[in-house]
Asks: 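Quick one: structure below, then a few questions.
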Amino acid sequence: MLENQNTADENDNGFLVRHVHVTGELGLHARPAAKLAQEAQKFDCTIVLKAAGQEVDAKSILDILTLAAAPGTNLVMRAKGCDAVQALDRLETLFHNQFDED
């Protein structure tokens, strides 16, 4: 579904940043968006996704779907808070496992 483009954490106004690229044929559709939101909700930190100038709450499936992240879309994941590193690590794992949609 998504492929990690840059594993380095960067500081962006206190946010940790990870860059990913949508690679799945269907893009970031309902099933992976739901899994992403469910996992994001397990963390206390703020987590946002950004694509094409639009930034949304990663804890909301509806917000994620508004990104309309088609194959080839570059996404930026940003997290801020006490468990931001763990959150980004977990979400990247979902991406690497292609949301278990094989």
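It should be emphasised that the depicted structure is a prediction, and the values quoted were computed from it without experimental measurement.
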Asks: Taking atom NZ of Lys35 as the centre, does the number of heavy atoms from other residues, nucleotides or ligands within less than 6.0 Å exceed 12?
Replies: yes
Asks: Answer whether the closest heavy-atom distance between the side chains of Asn74 and Val20 falls below 4.5 Å.
Replies: no
Asks: Less than 4.5 Å apart, any side-chain heavy atom of Met77 and any of Leu91?
Replies: yes
Asks: Say whether Ile61 and Phe43 are linked into one hydrophobic cluster, either directly or through other cluster members, by side-chain heavy-atom distances under 4.5 angstrom.
Replies: no
Asks: Look up atom NZ in Lys42 and atom CD1 in Ile47, then write down how far apart they are to the nearest 0.5 Å.
Replies: 11.5 Å
Asks: Taking all non-hydrogen atoms of both residues, which atom of Ala40 and which atom of Lys59 are closest, and how far apart?
Replies: O-CE, 3.3 Å
Asks: With hydrophobic residues grouped by side-chain heavy-atom distances under 4.5 Å, do Leu65 and Val48 end up in a single group?
Replies: no
Asks: Could you check whether atom CZ of Arg90 has more than 12 heavy atoms from other residues, nucleotides or ligands sitting under 6.0 Å from it?
Replies: yes
Asks: To the nearest 0.5 Å, tell me how far His21 NE2 sits from Phe95 CZ.
Replies: 13.0 Å
Asks: Between Asp44 and Cys82, which heavy-atom pair has the shortest distance, and what is it?
Replies: CB-SG, 4.4 Å
Asks: Less than 4.5 Å apart, side chain to side chain, heavy atoms only: is that true for Glu39 and Leu94?
Replies: yes
Asks: Is it true that a side-chain atom of Asp83 and a backbone atom of Cys45 form a donor plus acceptor pair closer than 3.5 Å?
Replies: yes
Asks: Taking the side chain as C-beta and beyond, is there a heavy-atom pair between Leu49 and Val76 under 4.5 Å?
Replies: no
Asks: Say you draw a straight line from CG of Asp63 to CD of Gln54; how long is it, rounded to the nearest 0.5 Å?
Replies: 8.5 Å
Asks: So how far is it from Leu75 CG to Leu28 CG, rounded to the nearest 0.5 Å?
Replies: 6.5 Å
Asks: Is any side-chain heavy atom of Leu88 closer than 4.5 Å to a side-chain heavy atom of Val17?
Replies: no
Asks: If I take atom NZ from residue Lys50 and atom CZ from residue Arg78, how far apart are they, to the nearest 0.5 angstrom?
Replies: 6.5 Å
